[in-house]
Amino acid sequence: MTTRLLFVCLGNICRSPSAENIMNYLLEQQGLHSKISCDSAGTSSYHIGSSPDSRMAAAAKKRGINLVGSARQFTVSDFEAFDVILAMDDSNYRNILSLDPSGQYAHKVKLMCEFCQKYPDRDVPDPYYGGADGFDYVIDLLMDACGGLLQELGEE
Ligand code: 4NP
């Protein structure tokens, strides 16, 4: 059975499309595309239909990863459609859980940085209003977290 992953941030143009495309890159490398599928969404409606941010795409490209996709907003139907929902930061996490008042899907929602193996961060920092370094950092952090997540899924 395929495990369905959904990566979620605020705008779905920086962090979550990076996580989705990095994970697809790792799945391709490891021949696991048929076992795990990925998508991403934003909690906000700000950028619906937009391509990934060009600064984020440039940072990903430096690591050999092409960012593809079009932003969409997280919806309550995603709770059923996905097995694991990965919030990029604590604010995303709380916004997702607020859409599940009964808490029946809370077990599916995790903080992305729980899976980091090298970095001590709790959140994937929002790079949107910062400089180029912030975008590079997001890619490095997500490479670490995606690797850890893949390892954990492989052990289940
Ligand atoms: P993301 O970054 O949540 O990683 O896609 C952001 C994108 C847009 C905004 C904030 C964060 N914004 O305020 O428009």
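Side-chain atoms are counted along with the backbone in the values below, which use heavy atoms only and exclude waters and symmetry mates. The structure presented is a predicted model; accordingly, all values stated were derived computationally and were not measured. When a ligand or atom number is given, it counts from 1 through the structure's own listing order.
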### Message
Quick check against the 3.5 Å criterion: does Asp78 have a side-chain atom that pairs as donor or acceptor with the backbone of Phe74?
### Response
no
### Query
Just by distance, with hydrogens left out, do Tyr105 and Glu80 show a side-chain donor and acceptor under 3.5 Å apart?
yes
### Task
Establish, yes or no, whether the cationic atom of Arg15 lies under 6.0 Å from the six-membered ring centre of Tyr128 and within 45° of the ring axis.
no
### Message
Could you check whether Arg4 pairs with Asp83 (Lys NZ or Arg NE/NH1/NH2 to Asp/Glu carboxylate O, under 4.0 Å)?
### Response
yes
Nitrogen or oxygen contacts under 3.5 Å, ligand 1 side and protein side:
unit_1	atom_1	unit_2	atom_2	d
ligand 1	3 (O)	Leu10	N	2.9
ligand 1	3 (O)	Gly11	N	2.8
ligand 1	3 (O)	Arg15	NH2	2.9
ligand 1	4 (O)	Arg15	N	2.9
ligand 1	4 (O)	Arg15	NE	2.7
ligand 1	5 (O)	Gly11	N	3.4
ligand 1	5 (O)	Asn12	N	3.2
ligand 1	5 (O)	Ile13	N	3.0
ligand 1	5 (O)	Cys14	N	2.9
ligand 1	13 (O)	Tyr129	OH	3.4
ligand 1	14 (O)	His47	NE2	2.9

Can you list, pair by pair, the side-chain donor-acceptor contacts under 3.5 Å of residues 22-37, counting residues two or more places apart and other chains?
unit_1	atom_1	unit_2	atom_2	d
Asn24	ND2	Glu20	O	3.4
Glu28	OE1	His33	NE2	3.2

#### Entry: Under-4.0 Å salt bridge between Arg122 and Asp90
yes
